[in-house]
Protein chains: 2
Amino acid sequence: MRSYGQYCAVAKALDVIGDRWALLIVRELLLTGPSRYTDLRQGLPGIATNLLTERLRDLEAAGVLVRREAPPPVASTLYELTERGRGLRAVVHELGLWGAPYMAEGPAAEDAFRSHWMAWPVEAFLRDSRPEQGPASLELRAGEDSLVVEVAEGVVSARPGPADGPDATLTGPPHALLGVLSGGLPLGRAKERGVDVRGDEQVLERLLPRAGSLAVSLT
Amino acid sequence: MRSYGQYCAVAKALDVIGDRWALLIVRELLLTGPSRYTDLRQGLPGIATNLLTERLRDLEAAGVLVRREAPPPVASTLYELTERGRGLRAVVHELGLWGAPYMAEGPAAEDAFRSHWMAWPVEAFLRDSRPEQGPASLELRAGEDSLVVEVAEGVVSARPGPADGPDATLTGPPHALLGVLSGGLPLGRAKERGVDVRGDEQVLERLLPRAGSLAVSLT
DNA sequence: CCGCATCCGGGGCGATACTG
DNA sequence: CAGTATCGCCCCGGATGCGG
């Protein structure tokens with residue numbers, strides 16, 4: 001992008017990651033780790049292929065990410081954040097916090113959704129209230145893809161799915177699932193809104209926040 | 001700007017403040033408080049007047065800022081952040097932290113600079129090491145305009161200048177002044193680089209960080 | 001002087017088609 | 001799978017004009 005031409009740290013940052021789609025590419029790499037071109041495209045619905053290529057080049061030139069050749073038998077090029085790129089975690093996190101209220105309205109008619117985007121609310125909202133219990137896993141499905149939430153020794157983590165024999169599976173529309181994650185939508189009401197729970201419901205009780213306990217509600 | 005069409009908090013945030021110049025307008029209002037159109041233009045060198053107008057309209061429609069009619073005898077319209085707009089402070093702060101390393105290289109040939117942009121490094125870097133002493137003031141000048149730093153009872157604050165009888169005045173090129181503020185450039189070397197100190201130099205010793213004590217150096 | 005509105009050229013962006 | 005090529009459009013940038 002054209003430089004703002006201002007000797008100011010905020011302007012200099014925007015010179016590098018202020019381009020359209022740039023921070024969303026960083027979001028994808030933060031959420032999913034090293035990714036192939038096609039995976040990035042999958043996680044960035046709406047992006048034009050030439051723009052994705054151009055941004056990847058720009059961000060590589062700026063030292064935000066690197067291309068890496070995966071060893072055989074995969075034999076594919078991977079895009080991976082550098083240390084400098086991972087330094088954008090706080091920026092993306094604050095943007096997500098600020099944008100969270102817009103999620104309460106529910107998706108616009110044409111909005112796309114990917115389950116792995118829930119990794120951010122999962123790590124922001126979910127806590128292990130029973131750290132003395134053994135490890136457990138939970139699969140979230142809100143469309144084609146899925147997200148796996150794993151908890152062990154008090155630590156909650158998320159990664160793109162699917163899960164291998166999860167203790168529970170939560171399926172439903174994105175808005176309802178986010179409502180459940182944020183604690184604003186009790187499980188009973190969520191079921192009325194199309195959320196389906198399979199497996200051990202106690203995993204949910206272990207992880208979910210209490211209603212109204214958070215500053216941000218996605219209901 | 002055109003929506004990303006993604007049901008994700010980060011994308012929704014960028015739908016609102018991802019437009020070019022939008023976050024820099026927020027930066028200005030965070031730094032200087034309620035401002036007139038002309039003052040904003042002064043603090044945003046390089047912006048086209050139609051774009052400033054258009055962004056102000058967009059941000060007003062989004063609830064980030066409000067227009068307010070100043071009472072006589074000023075009789076001017078003021079632009080002011082809403083509570084929601086002030087919520088962007090953390091976003092701008094993290095962007096500044098991430099962009100700070102680019103300041104170390106010094107300004108590009110065509111970079112503009114405004115003294116009040118130093119308000120961010122001032123509040124990020126300066127601490128009152130002698131809170132038992134009375135209030136003091138310091139004026140920073142790096143061009144036409146100036147920034148006033150005031151310290152009282154351990155609290156350091158900054159506002160656009162000029163100062164009324166400051167205890168000390170620091171004048172010089174932007175890069176050198178930032179080096180002094182960040183603690184990476186000792187005052188002796190700074191004087192070799194064109195920094196001029198007038199008044200009570202002890203005010204500086206009271207405020208400046210020790211060399212190397214900060215994670216970010218602007219030298 | 002302040003606070004815009006209008007006009008126009010250029011380039012970034014978006015959608016699709018195509019290729020090694 | 002991982003891009004390249006093409007093309008239309010709209011946003012952006014710079015200049016100018018203009019009413020209060």
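Below, chains carry the letters A, B, ... as their sequence lines are ordered, and counting in each starts from 1.
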Value rounded to 0.5 Å, distance of CZ in B:R159 from CD in B:E150: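 One finds 4.5 Å between CZ of B:R159 and CD of B:E150.
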Heavy-atom side-chain proximity of A:L138 to A:V148 below 4.5 angstrom: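 No, their side chains stay 4.5 Å or more apart.
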Presence of [X] side-chain N/O under 4.0 Å of [N] phosphate oxygens OP1/OP2:
X     : N      : answer
A:T77 : D:dC1  : no
B:S76 : C:dC2  : no
A:R67 : D:dG3  : yes
A:W21 : C:dG12 : no
A:Y4  : D:dG13 : no
A:R41 : D:dG3  : no
B:R57 : C:dC4  : yes
A:R20 : D:dC11 : no

Measure [atom1]/[X] against [atom2]/[N] and give the value in whole Å, please.
X      : N      : atom1 : atom2 : answer
A:E54  : C:dG11 : CD    : P     : 13 Å
A:D19  : D:dC11 : CG    : C1'   : 13 Å
A:R68  : D:dA2  : CZ    : P     : 14 Å
B:L44  : C:dG3  : CG    : C1'   : 15 Å
B:L40  : C:dG3  : CG    : C1'   : 12 Å
B:I25  : D:dC12 : CD1   : P     : 11 Å
A:L52  : D:dG3  : CG    : C1'   : 9 Å
A:E110 : C:dG14 : CD    : C1'   : 16 Å

Just by distance, with hydrogens left out, do [X] and [Y] show a side-chain donor and acceptor under 3.5 Å apart?
X      : Y      : answer
B:Q42  : B:R36  : no
A:S3   : A:D15  : yes
A:E139 : A:S146 : yes
A:E28  : A:H116 : yes

Derivation and outcome, ring-ring contact (aromatic ring centres under 6.0 Å, His included), residues A:Y7 and B:W117: CA-CA 9 Å; A:Y7 188 55; B:W117 294 344; 8.7 Å; no
Output one line per pair: protein atom, nucleotide atom from nucleotides 14-17 of chain D, and distance, for all N/O pairs under 3.5 Å.
residue : atom : partner : partner atom : Å
D:dG14  : OP1  : A:R2    : NH2          : 2.8
D:dG14  : O6   : B:N50   : ND2          : 2.9

Ion pair check, A:D111 and B:K12, cut-off under 4.0 Å: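 Result for this pair is yes, salt bridge flagged.
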Note: B:K191-B:D196 ion pair, threshold 4.0 Å (strictly below):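 Answer for the salt bridge query: no.
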Of the listed nucleotides D:dC1, C:dC4, D:dG3, the one nearest the side chain of B:T53: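 Per side-chain heavy atoms of B:T53, the pick is C:dC4.
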Listed nucleotide nearest any side-chain atom of B:T38, set C:dG14, C:dG3, D:dC12: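 Of the options given, the side chain of B:T38 lies nearest C:dG3.
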Axis deviation across the helix from C:dC1-D:dG20 to C:dG20-D:dC1, five-pair ends, to the nearest 10°: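 Axis-to-axis angle, ends of the helix: 30°.
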Passing candidate, side chain to side chain contact (heavy atoms under 4.5 Å, CB included) with B:R198, options B:T171, B:L170, B:T169, B:D167: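 In the set B:T171, B:L170, B:T169, B:D167, the residue that makes a side chain to side chain contact (heavy atoms under 4.5 Å, CB included) with B:R198 is B:T169.
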